[in-house]
2 protein chains.
Amino acid sequence: MVAEVDVNEVPHQRPRTRDRILSSASRLFSQNGYEHTPLSHVAREAEVSKALILWHFDSKEDLFRAALSRTLEPYYIDVGDLGTLDEGNQIKKLVDLYAKFVRDNRYSVRFLVDLMIRDSGPAEVLSQVGELYALFRELLTQTIECGRNNGRFRHDVNPTLDAALILTSLDGILMEKFIKDEHSQTTPEGLLEHLKDTALHRLLS
Amino acid sequence: MVAEVDVNEVPHQRPRTRDRILSSASRLFSQNGYEHTPLSHVAREAEVSKALILWHFDSKEDLFRAALSRTLEPYYIDVGDLGTLDEGNQIKKLVDLYAKFVRDNRYSVRFLVDLMIRDSGPAEVLSQVGELYALFRELLTQTIECGRNNGRFRHDVNPTLDAALILTSLDGILMEKFIKDEHSQTTPEGLLEHLKDTALHRLLS
DNA sequence: GTCTATATACAGATAGAC
DNA sequence: GTCTATCTGTATATAGAC
C-alpha cells in the first residue's frame, strides 16, 4: 500500500466554487445593488449554500469588496495610437472612447455612480475609479495643451478648464443613458456629436 | 362662478403629529435614502411609536410617497423677469438659476438623482420631476430660438440640440458636487462660468 | 469544502388596551 | 390617536455533521 500523499493539499486546488460565487456576486451587486442582493440570491445563482459563501468570505461586506474588485478588473481604456491623429481628432477619439467605455460597462458604471453619489462603498475601490477618471482627464488636458503649443488650437484655450468642461459635459450626457426621460427630443448619441462639434469649434483657431 | 370650499367642514383635527412624522420622514429619506431609514428612525425623530406611523400611513411605501411629495413642494424655479435682458444674458441667468436651485435643494436633489438612476421610486413623483426638467429645457430652447430669430445669435444654431447640450453639461457639472474628486483641479463654480462663456461663444454671431 | 439546521437580529406590520 | 406588546418574515451569520 502506497502512502497517500495529497498532492492537492495547498496551491491550485479548485478555486472553482469560490470563483463562481464571486462571478455571481459581481453580476448581482452591479445589477441590483448591495441592499437588493441578499446572500440567498448569490447562493442560488452560484448553486451553493449561503453557509458556503460565508465560509469563503468572512462577511457579506467582505464578499462585496472582493466582487467589486473583480468588477473593476476590465476597467481600463485602451487609447491605441493617438499619435497619428492631429489634436482635434485626438479629442474626438478620446470622447468616443470614453463613451464606448461607459456603454460597454453600463451596469457596473451605473452601480459605481450610485455608490459615489451616496459616498458609500469601500474607499479603496472608489479611489481606484477616481484614478482612472483623473488619468483620462489628464490625457484630455495634455492633448489640448499640445494643440495650443503647436498652434492648431487657439492661443487662449485653458487646457485644465476646457478638459474638465468636456469631461463633465460628457458625464452629463452619459448620465442620460441611466435616466429615462420621455420628454427628451434628443438622443445621447446626437448630443455626443454636438459636444464634439462645439468643443472643437471653441478650441480650433 | 366658482364654488368656495369650506376648509373647516373637514374635522377639526390637529394634523400636528402626522405633520411631524412627514417632516421627519422627508428629511431622513432625503439624507439617508429609503433603504437606510427604518420606520424606527422616523419614529424616534418624530417622537412617536412605530405603530402610530402605520396608523397614519398604510405602509412604509405609502409614507415614502407622501414624504416625497412634500420634498417636492418647494420645487419650482422662479425665473423672474427675463424679458428685460438680451438673449445672451437670459441664458446666463437661466444657468445660474438652475445651479442655485440644485444648491438650495442639495440633499433632496441628490436623493432624486439616486432614485432616477436606479429607476426606483413612485412613478408619478419621478414624472413630476421630469416635467420640471422638461420645462426648464423648453425655456432654454425658446430663448435660443428667440435669439436666433432676432439675429443676436448665429443663424445656424440648433435650439433643441444646443439647449439640451447646455443642460446636460450643467447636470454633469452639478453632479460633481455630489461626488468627491480629490484629483480635480477645478471647482464646480469655475466650470459653471466656463460653461456660460463657451455656450455664448458658440451662440453669439 | 460543502451541506443542513439553527441562532440572532431587526425589519415592517398587526392586535388590542387606553 | 397613541401606546405596548407581539407576530411574521427575512437577513446575516454560526454550529456542527459529513
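All values reported here derive from a predicted model rather than from experimental measurement.
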S.K.: Once you round it to whole Å, what is the distance between P of C:dT2 and CZ of A:F57?
M.R.: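 Taking atom P of C:dT2 as the reference, CZ of A:F57 is at 12 Å.
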S.K.: Any side-chain donor paired with an acceptor under 3.5 Å for B:S169 and A:S169?
M.R.: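 On atom types as modelled, these side chains qualify, holding a pair under 3.5 Å.
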S.K.: Provide, to the nearest angstrom, the distance between the CG atom belonging to B:D62 and the P atom belonging to C:dT14.
M.R.: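 My rounded result for the distance is 12 Å.
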S.K.: Between the side chains of B:N32 and B:Y107, is a donor N or O closer than 3.5 angstrom to an acceptor N or O?
M.R.: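 No - no donor-acceptor pair under 3.5 Å links their side chains.
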S.K.: Would one find a side-chain N or O of A:H56 under 4.0 angstrom from OP1 or OP2 of C:dT2?
M.R.: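 Result: yes.
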S.K.: Could you state the atom-to-atom distance from CG of A:D19 to P of C:dT2 in whole Å?
M.R.: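 Between P of C:dT2 and CG of A:D19: 12 Å.
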S.K.: Starting at NE2 of B:H36 and ending at C1' of D:dA11, how long is that distance when rounded to a whole Å?
M.R.: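 So the two atoms are 13 Å apart, to the nearest Å.
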S.K.: Would you say A:S40 places a side-chain N or O within less than 4.0 Å of OP1 or OP2 belonging to D:dT10?
M.R.: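 No, no such contact exists.
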S.K.: Nearest whole angstrom, please: distance from the C1' of D:dG1 to the CD of B:E47.
M.R.: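 So the CD-C1' distance, B:E47 to D:dG1, works out to 16 Å.
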S.K.: A:S120 and A:Y34: side-chain donor and acceptor closer than 3.5 Å?
M.R.: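 Per modelled atom types, A:S120 and A:Y34 side chains form no pair under 3.5 Å.
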S.K.: Take atom NZ of B:K60 and atom C1' of C:dT14, then tell me their distance rounded to the nearest Å.
M.R.: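 These atoms are roughly 18 Å apart.
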S.K.: Could you pull out all residues at least two apart from A:D119 that satisfy salt bridge (charged side-chain N to carboxylate O under 4.0 Å, His left out)?
M.R.: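 Here the qualifying residues are B:K180.
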S.K.: Between C1' on C:dA11 and OH on B:Y34, what's the gap in Å once rounded to a whole number?
M.R.: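 Taking OH of B:Y34 and C1' of C:dA11, I get 11 Å after rounding.
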S.K.: Find which nucleotide of DNA chain D each of A:H41 and A:D58 is nearest to by heavy atoms, and output the residue with the more 5' nucleotide.
M.R.: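 Per heavy-atom nearest nucleotide, the more 5' residue is A:H41.
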S.K.: Going by heavy atoms closer than 4.0 Å, what residues in residues 48-55 of chain A are next to DNA chain D?
M.R.: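 Contacts with DNA chain D under 4.0 Å: A:K50, A:A51, A:L54.
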S.K.: Rounded to whole Å, please give me the gap between CG in B:L39 and P in C:dA13.
M.R.: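 Rounding to the nearest Å, CG of B:L39 and P of C:dA13 are 7 Å apart.
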S.K.: Would B:S26 and B:T71 count as having a side-chain donor-acceptor pair, cut-off 3.5 Å?
M.R.: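 Yes, because at least one side-chain N or O of B:S26 sits under 3.5 Å from a partner of the opposite role on B:T71.
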S.K.: With distance as the sole test, does B:S127 use its side chain to make a donor-acceptor pair with the main-chain N or O of B:G130 at under 3.5 Å?
M.R.: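 Flag not set: sc B:S127 to bb B:G130 has no pair under 3.5 Å.
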S.K.: Would you say the rings of B:Y76 and B:F101 are close, in the sense that their centroids are separated by under 6.0 Å?
M.R.: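 No, they do not, as the ring centres are separated by 6.0 Å or more.
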